Protein chains: 2
Amino acid sequence: MLLQDVLKELRKAGIRLTPQRQEVLQALFDGLQGECQPQSAEEILQVVRKRYPGVSPDTVYRTLGTFKKLGLVREVNFRDGCRRFELALQGGHHHHLVCLRCGRSRELPFCPADCLVRVQEYCPDFEIEDHAFTVFGYCPKCREESRDVFRETVEV
Amino acid sequence: MLLQDVLKELRKAGIRLTPQRQEVLQALFDGLQGECQPQSAEEILQVVRKRYPGVSPDTVYRTLGTFKKLGLVREVNFRDGCRRFELALQGGHHHHLVCLRCGRSRELPFCPADCLVRVQEYCPDFEIEDHAFTVFGYCPKCREESRDVFRETVEV
DNA sequence: ACGGAATTAGGAATAATTCCTATCTAGGAG
DNA sequence: CTCCTAGATAGGAATTATTCCTAATTCCGT
């Protein structure tokens with residue numbers, strides 16, 4: 001799905017298409033390129049401000065909230081002190097493998113769908129809205145680096 | 001496992017047992033009773049201050065960090081603006097079903113263990129430290145209440 | 001082009017978390 | 001039991017993320 005299609009859907013949903021919202025959306029699309037890396041509100045704000053310097057944090061947060069309600073954006077938590085956001089396009093459902101040292105993440109193409117089914121059986125009256133499966137640890141690069149630091153410490 | 005056993009283990013691990021740390025531990029144990037409800041640092045602080053009024057937030061955070069490193073405490077995120085903590089006793093591994101309205105959680109006895117195996121196969125050089133499986137939505141009680149609100153709105 | 005409801009900027013307020021440093025203390029050594 | 005010191009704490013300030021408030025602006029249907 002492309003930016004144009006999303007804009008069309010938003011218009012259809014009666015969402016006012018302000019330039020600020022379009023820029024937030026653009027930033028989210030940019031984040032989709034290359035390695036998957038959900039962005040913090042602050043990061044998105046910086047991107048948006050390149051074109052609209054006056055944009056306020058409030059606007060970014062409000063826009064992300066609006067998009068989240070529409071199911072267009074998902075929130076994830078990487079345990080790095082802020083919320084992160086990414087596009088939730090249909091067919092792109094995934095989870096994350098997060099490095100606790102460098103904060104970078106890798107997309108996981110697995111989903112514990114069977115668990116979700118069991119959860120719904122376990123609590124039939126609970127209305128499931130979203131779920132998170134996130135694996136935390138240390139990426140190969142950071143493991144290597146901390147090994148180096150350890151060596152230096154010992155040798156000195 | 002009881003508080004006494006944990007204290008013994010901490011001593012064995014060379015962790016200084018200050019009264020503040022013991023109170024934090026006690027608060028975490030209290031949180032284990034009844035419905036599982038991971039606590040925020042603020043909530044733990046309030047409990048600890050009942051006995052030690054002068055305790056600082058810093059101490060609670062530092063203590064929780066120490067316990068986390070030891071694997072005694074797990075951090076969870078309920079999307080309510082703060083980190084939450086709970087004891088991670090052996091055999092008690094579980095996940096959470098969280099209501100986005102009232103913030104209460106229910107313990108899930110399922111774990112996507114098979115997914116973890118697949119993750120490790122997918123990224124053999126990644127050192128897995130922890131994982132989170134959390135289901136978000138609306139509990140029966142909150143669904144009922146929002147239905148009431150809707151009715152009122154319509155009828156007036 | 002016009003009007004009204006929705007949206008925004010800007011700045012202040014709030015809340016969570018961490019930092020700093022002088023002081024204190026747990027627990028091992030004697 | 002007392003002494004010593006590495007490690008821990010209090011207290012308050014600083015930082016960071018997020019939300020609130022309100023007057024001014026703007027999208028978009030008519």
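Just so you know, these numbers come straight off a predicted model, no measurement behind them. In the text below, chain A, chain B and the rest are named by the order of the sequence lines, each starting its count at 1.
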Does anything in residues 40-49 of chain A reach DNA chain D, meaning a heavy atom under 4.0 Å, and if so which residues?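 Output list: empty, so none.
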Identify each donor-acceptor pair in which a side-chain atom of residues 115-124 of chain A lies under 3.5 Å from a protein atom, sequence neighbours left out, and give them as a table.
{"unit_1": "Q120(A)", "atom_1": "NE2", "unit_2": "C123(A)", "atom_2": "O", "d": "3.2"}
{"unit_1": "Q120(A)", "atom_1": "NE2", "unit_2": "F126(A)", "atom_2": "O", "d": "3.1"}

### Query
Is the number of heavy atoms from other residues, nucleotides or ligands within 6.0 Å of CZ (R104(B)) greater than 12?
no
message = Could you check whether atom CZ of R79(B) has more than 12 heavy atoms from other residues, nucleotides or ligands sitting under 6.0 Å from it?
response = yes
Pairs under 3.5 angstrom, nitrogen or oxygen only, protein versus nucleotides 11-13 of chain D, please.
{"unit_1": "dG11(D)", "atom_1": "OP2", "unit_2": "G54(B)", "atom_2": "O", "d": "3.1"}

Note, [X] side chain near [Y] side chain (heavy atom, < 4.5 Å):
{"X": "D80(A)", "Y": "L100(A)", "answer": "no"}
{"X": "H95(A)", "Y": "F133(B)", "answer": "no"}
{"X": "C139(B)", "Y": "R101(B)", "answer": "no"}
{"X": "E9(A)", "Y": "L72(A)", "answer": "no"}
{"X": "L32(B)", "Y": "L89(B)", "answer": "yes"}
{"X": "L2(B)", "Y": "F29(B)", "answer": "no"}

Starting at [atom1] of [X] and ending at [atom2] of [N], how long is that distance when rounded to a whole Å?
{"X": "Y52(A)", "N": "dT25(D)", "atom1": "OH", "atom2": "C1'", "answer": "14 Å"}
{"X": "Q39(A)", "N": "dA17(D)", "atom1": "CD", "atom2": "P", "answer": "15 Å"}
{"X": "R83(B)", "N": "dA15(C)", "atom1": "CZ", "atom2": "P", "answer": "18 Å"}

How long is the straight-line distance from [atom2] of [Y] back to [atom1] of [X], given to the nearest 0.5 Å?
{"X": "R16(B)", "Y": "R11(B)", "atom1": "CZ", "atom2": "CZ", "result": "12.5 Å"}
{"X": "F85(B)", "Y": "S40(B)", "atom1": "CZ", "atom2": "OG", "result": "8.5 Å"}
{"X": "E86(B)", "Y": "Q39(B)", "atom1": "CD", "atom2": "CD", "result": "9.5 Å"}

Here the residues of residues 7-20 of chain A within 4.0 Å heavy-atom distance, strictly under, of DNA chain C are R16(A), T18(A), Q20(A)
What residues 61-81 of chain A contributes to the DNA chain C interface at heavy-atom separation below 4.0 Å is R62(A)
Paired with Q46(A), the side-chain hydrogen bond (donor to acceptor under 3.5 Å, both in side chains) test is passed by just one of E42(A), E43(A), R49(A), namely E42(A)
Degree of bending in the helix from dA1(C)-dT30(D) to dG30(C)-dC1(D) once both end axes are built from five pairs, to 10°: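 Angle reported: 40°, given to the nearest ten degrees.
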Looking at D125(B) and R143(A), is there a salt bridge between them, counting it only when a charged N and a carboxylate O are closer than 4.0 Å?
no
Taking the inter-plane angle between the rings of H131(A) and H93(A) on a 0 to 90° scale, is it parallel (under 30°), tilted (30 to 60°) or perpendicular (over 60°)?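 Geometry flag for H93(A) against H131(A): tilted rings.
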